[in-house]
Amino acid sequence: MKPRSALQDPAPQMTQAYLQGEAQCSRFRSFVASLGGEKGELSEADVIRAFFYFAAHYVYPGRQPLEKTPAHVRKLGRMLELFPLARVVVCTRDPVSIVASYRKRLAAEKALGKGVDEWGWLDRTAEQLIGHFEQITESILDARQRWPQQVFVAPYDWMTSTPELALRAICDFAGLAFVAEVLKPKEVPGRQVDEMLSKPITRREPDIDTYVDADTERMILEKLRRCALCGIDLACWLGQTDNF
């Protein structure tokens with residue numbers, strides 16, 4: 001979103017996390033400077049390409065770096081212009097479940113005593129989230145029309161109900177060999193909020209009854225149908241179609 005921020009000294013926290021420390025960030029800045037040569041400063045496009053080249057060759061050698069920032073679904077066109085061979089997996093989910101998930105996560109963050117700077121992004125009304133769904137759908141539809149072979153829509157319910165089948169299909173789409181390790185959870189000591197990330201992939205009820213009242217649920221579904229939220233269509237958001 002802001003590629004030149006990766007060149008700041010010191011680098012932003014998320015850049016340091018991705019490149020595994022400020023020492024590597026410093027090497028990245030030197031790497032970018034060496035690419036400029038007589039031409040001077042790199043374009044933003046080349047800074048992005050350099051970032052992933054550096055990560056692939058110097059930070060994670062022998063592995064393929066992934067980018068999973070959710071907000072970047074708004075930049076699919078930009079990403080696929082920069083990386084014409086890229087593969088994009090878009091996970092869709094029942095919009096009512098998403099609203100419930102936001103509210104559940106918000107309650108958990110507050111219960112831990114965290115400040116608004118850490119949970120403010122979760123404090124959204126159902127109406128605000130519907131507007132977000134509409135924007136995201138437009139981006140997905142545009143990308144699927146322009147790059148139909150490179151954007152794979154994977155409904156959340158399908159992935160959690162049949163994880164091995166889903167991950168085999170995703171690996172096949174991405175041109176990667178399936179390995180059983182991708183089904184194993186990664187234990188992270190001290191994890192307090194996203195505890196499910198330390199457990200096997202499984203389907204679970206989204207606690208809609210606890211966090212979304214009946215009137216709000218009806219409003220969400222009605223507005224999304226009225227707005228014709230998909231060429232991916234609402235069924236895909238509900239995880240009820242194999243519209244991949």
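In this text, all values refer to a predicted model and were calculated from it rather than measured experimentally.
Using a 3.5 Å distance cut-off with no hydrogens or angles, the side chains of D213 and T216 do pair a donor with an acceptor. For the residue pair T210/D207, the side-chain donor-acceptor check at 3.5 Å is not satisfied. No side-chain donor from either of T15 and Q13 sits under 3.5 Å from a side-chain acceptor of the other.
F28 and Y58 have their aromatic ring centers separated by at least 6.0 angstrom. Ring-centre distance between Y211 and Y102: not below the 6.0 Å cut-off.
Heavy-atom neighbours of K75 NZ from other residues, nucleotides or ligands within 6.0 Å: at or below the threshold of 12.
Side chain of R87 to backbone of G175: no donor-acceptor contact under 3.5 angstrom is found. Put simply, the side chain of E118 never gets that close to the backbone of K110: no donor and acceptor are under 3.5 Å apart. A donor-acceptor distance shorter than 3.5 angstrom exists from the side chain of S34 to the backbone of F31, with no hydrogens or angles considered. R63 contributes no side-chain N or O that, together with a main-chain N or O of V59, makes up a donor-acceptor pair within less than 3.5 Å. Judged by distance alone, the side chain of Q128 and the main-chain N or O of T125 form a donor-acceptor pair under 3.5 Å.
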Derivation of the side-chain contact (heavy atoms from CB on, under 4.5 Å) call for R4 and E41: CA-CA 11 Å; R4 294 199 188 281; E41 191 176 74; 3.6 Å; yes
